[in-house]
J.: 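Questions regarding the structure given below will be posed in turn.
Counting convention: from 1, in listed order, for ligands and their atoms alike.
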Amino acid sequence: MAKHPPAPPLSDAPLAPGLYLVATPIGNLRDITLRALDVLAACDMVLAEDTRVAGKLLSHYGIKKPLHRYDEYAAVRSGPLALGALMQNQRIALVSDAGTPLVSDPGFKLVRAAVAQGSAVWPIPGPSAALAALTIAGLPTDRFLFVGFSPPKSSARRTFMTEFAPVHATLIFYESGPRLRASLTDMAAVFGNREAAVARELTKLHETCIRGTLEELAADPRLDGPKGEIVVLIAPGEEVPAGADDADAALTEALARMGPAEAAKQVAKALGLPRRDLYLRALELKDVR
Ligand code: SAM
């Protein structure tokens, strides 16, 4: 790995106390902001999902800092350590192995606890595989939903995916190489033959983005046993105007949990149908029940 000289500091202003959520590269080591380097160079301590990965990044930029592991296991120990240091007005940087911390990565509990104790929390924005993939997929970007990883077993995965079928937004999944083919097959079964894209190894040597329908992608030989890190994106489904059957099904389901007025309100919001009509129908359905 070629070494780059550390970037010149952008500002001589001292770094304010607090917890810094520092985004790091998702492959190409030059995808790090000058501000991220400033913060890493000036902070008192770095919390890292994997101290070896973070250690390599820091040494690449000539930065030496006390490193503490912060993952779901080490959080029991390093969480209180970090919170105590924040109370003493220290500056702590949290990094994950790649991309933006907390995005399918640890840190949420720490941020919550830091906020609860009144410590400052600062974002240091930068790469994230989800957004990088979204920008090149050629799918609608006006509304998107980050799903993250789906369950490893096919039956649980299909159940999980079904929840997102009615969502009118581009869906963003994280996936691993060995599971890709089975996942695409399940996606085609659950979402139908929608447009989709598979973005792999973004910003790295073997970067690819293959676009097609879910059925085409599930059968594409270029996706046979692909190694590497993958984002799958799925276009929103066609918006079909809700009909009487949909309304009845939604009302029946809602009436099992709430009264007719609230059921009508919720179904009206979900299906975009007139609330008054739904209320009258809910009363009828309630009598039948
Ligand atoms: N925090 C990271 C972020 O902001 O994107 C995500 C961490 S998550 C544990 C790792 C997953 O992100 C991988 O399994 C893959 O699905 C996706 N990913 C990370 N780097 C990637 C890359 N260079 N190309 C494609 N997907 C990537």
J.: Could you see if Leu102 belongs to whatever hydrophobic cluster contains Leu47? Use Ile, Leu, Val, Met, Phe, Trp, Tyr and a side-chain cutoff under 4.5 Å.
T.: yes
J.: Considering only the protein, which heavy-atom contact is closest to atom 16 (O) of ligand 1, and what is its distance?
T.: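 Answer for atom 16 (O) of ligand 1: Ile230 O, 2.6 Å.
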J.: Which residue and atom name correspond to the protein heavy atom nearest atom 20 (N) of ligand 1, and how close is it?
T.: Glu229 OE1, 3.3 Å
J.: Hey, are Asn28 and Thr203 close enough side-chain-wise for a donor-acceptor pair under 3.5 Å?
T.: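 The criterion, which ignores hydrogens and geometry beyond distance, is not satisfied for Asn28 and Thr203.
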J.: Would Ser128 count as a polar contact of ligand 1, with the cut-off being nitrogen or oxygen pairs under 3.5 Å?
T.: yes
J.: Looking at atom 5 (O) of ligand 1, what's its closest protein heavy atom, distance included?
T.: Tyr174 OH, 2.7 Å
J.: Which of the numbered atoms in ligand 1 are under 4.0 angstrom from any heavy atom belonging to Thr100?
T.: 1 (N), 3 (C), 4 (O)
J.: Which residue owns the protein heavy atom closest to atom 7 (C) of ligand 1, what's the atom, and how far is it?
T.: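 Going by distance alone, atom 7 (C) of ligand 1 is nearest to Asp105 OD2, 3.2 Å.
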J.: Is there a polar contact, in the sense of an N or O pair closer than 3.5 Å, between Ala98 and ligand 1?
T.: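 Indeed, backbone or side chain, Ala98 has an N or O that close.
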J.: Check for me whether the distance between the ring centres of Phe146 and Tyr174 falls short of 6.0 Å.
T.: yes
J.: With side chain to side chain contact (heavy atoms under 4.5 Å, CB included) as the test, pick out the partner of Leu58 among Ile63, Val53, Thr51, Leu37.
T.: Ile63
J.: Are any non-hydrogen side-chain atoms of Leu223 and Leu217 less than 4.5 angstrom apart?
T.: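 In short, these two side chains touch, coming nearer than 4.5 Å.
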J.: What verdict does the salt bridge (charged side-chain N to carboxylate O under 4.0 Å, His left out) test give for Arg69 and Asp50, after you've listed the backbone C-alpha separation in whole Å, the side-chain angles of each residue and the deciding distance to 0.1 Å?
T.: CA-CA 6 Å; Arg69 195 169 129 214; Asp50 184 327; over 6 Å; no
J.: Which residue owns the protein heavy atom closest to atom 10 (C) of ligand 1, what's the atom, and how far is it?
T.: Phe149 CZ, 4.0 Å
J.: May I ask you to test the Thr170-Ile234 pair for a side-chain heavy-atom distance under 4.5 Å?
T.: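 Not in contact.
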J.: Using distance alone, decide if ligand 1 has a nitrogen or oxygen within less than 3.5 Å of any nitrogen or oxygen in Gly27.
T.: no
J.: For ligand 1, which atoms have a heavy atom of Glu201 less than 4.0 angstrom away?
T.: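 Reading through ligand 1 atom by atom, the close ones are 23 (N), 24 (N), 25 (C).
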J.: Does the side chain of Arg157 come within less than 4.5 Å of Ser183's, by heavy atoms?
T.: yes
J.: Can a non-hydrogen atom of Val231 be found less than 4.0 Å from any atom of ligand 1?
T.: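 Contact present.
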J.: Looking only at heavy atoms, is any part of Glu207 under 4.0 Å from ligand 1, and if so is it the side chain, the backbone, or both, or is it neither?
T.: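 Contact part for Glu207 vs ligand 1: neither.
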J.: Check whether any side-chain heavy atom of Pro106 sits under 4.5 Å from a side-chain heavy atom of Glu72, and report yes or no.
T.: no
J.: Name the closest protein heavy atom to atom 22 (C) of ligand 1, giving the residue it belongs to and the distance to 0.1 Å.
T.: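 Heavy-atom neighbour on the protein nearest atom 22 (C) of ligand 1: Leu202 N, 3.6 Å.
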J.: For ligand 1 and Pro127, I'd like to know whether there is a polar contact (N/O to N/O, distance under 3.5 Å).
T.: no
J.: Have Glu215 and Thr213 got a donor and an acceptor in their side chains that come within less than 3.5 Å?
T.: no
J.: Report yes or no: do Leu40 and Leu94 belong to one cluster of Ile/Leu/Val/Met/Phe/Trp/Tyr joined by side chain heavy-atom distances under 4.5 Å?
T.: no
J.: Any N/O of Ser104 closer than 3.5 Å to an N/O of ligand 1?
T.: no
J.: Tell me the protein heavy atom at minimum distance from atom 18 (N) of ligand 1, and give that distance in Å.
T.: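 Here the nearest protein heavy atom works out to Ala129 CB, 3.4 Å.
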J.: Going by the order shown, which atoms of ligand 1 are within less than 4.0 Å of some heavy atom of Lys204?
T.: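 Heavy-atom distances to Lys204 below 4.0 Å select 23 (N).
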J.: For ligand 1, which atoms, with element, lie under 4.0 Å from some heavy atom of Glu175?
T.: 14 (O), 16 (O)
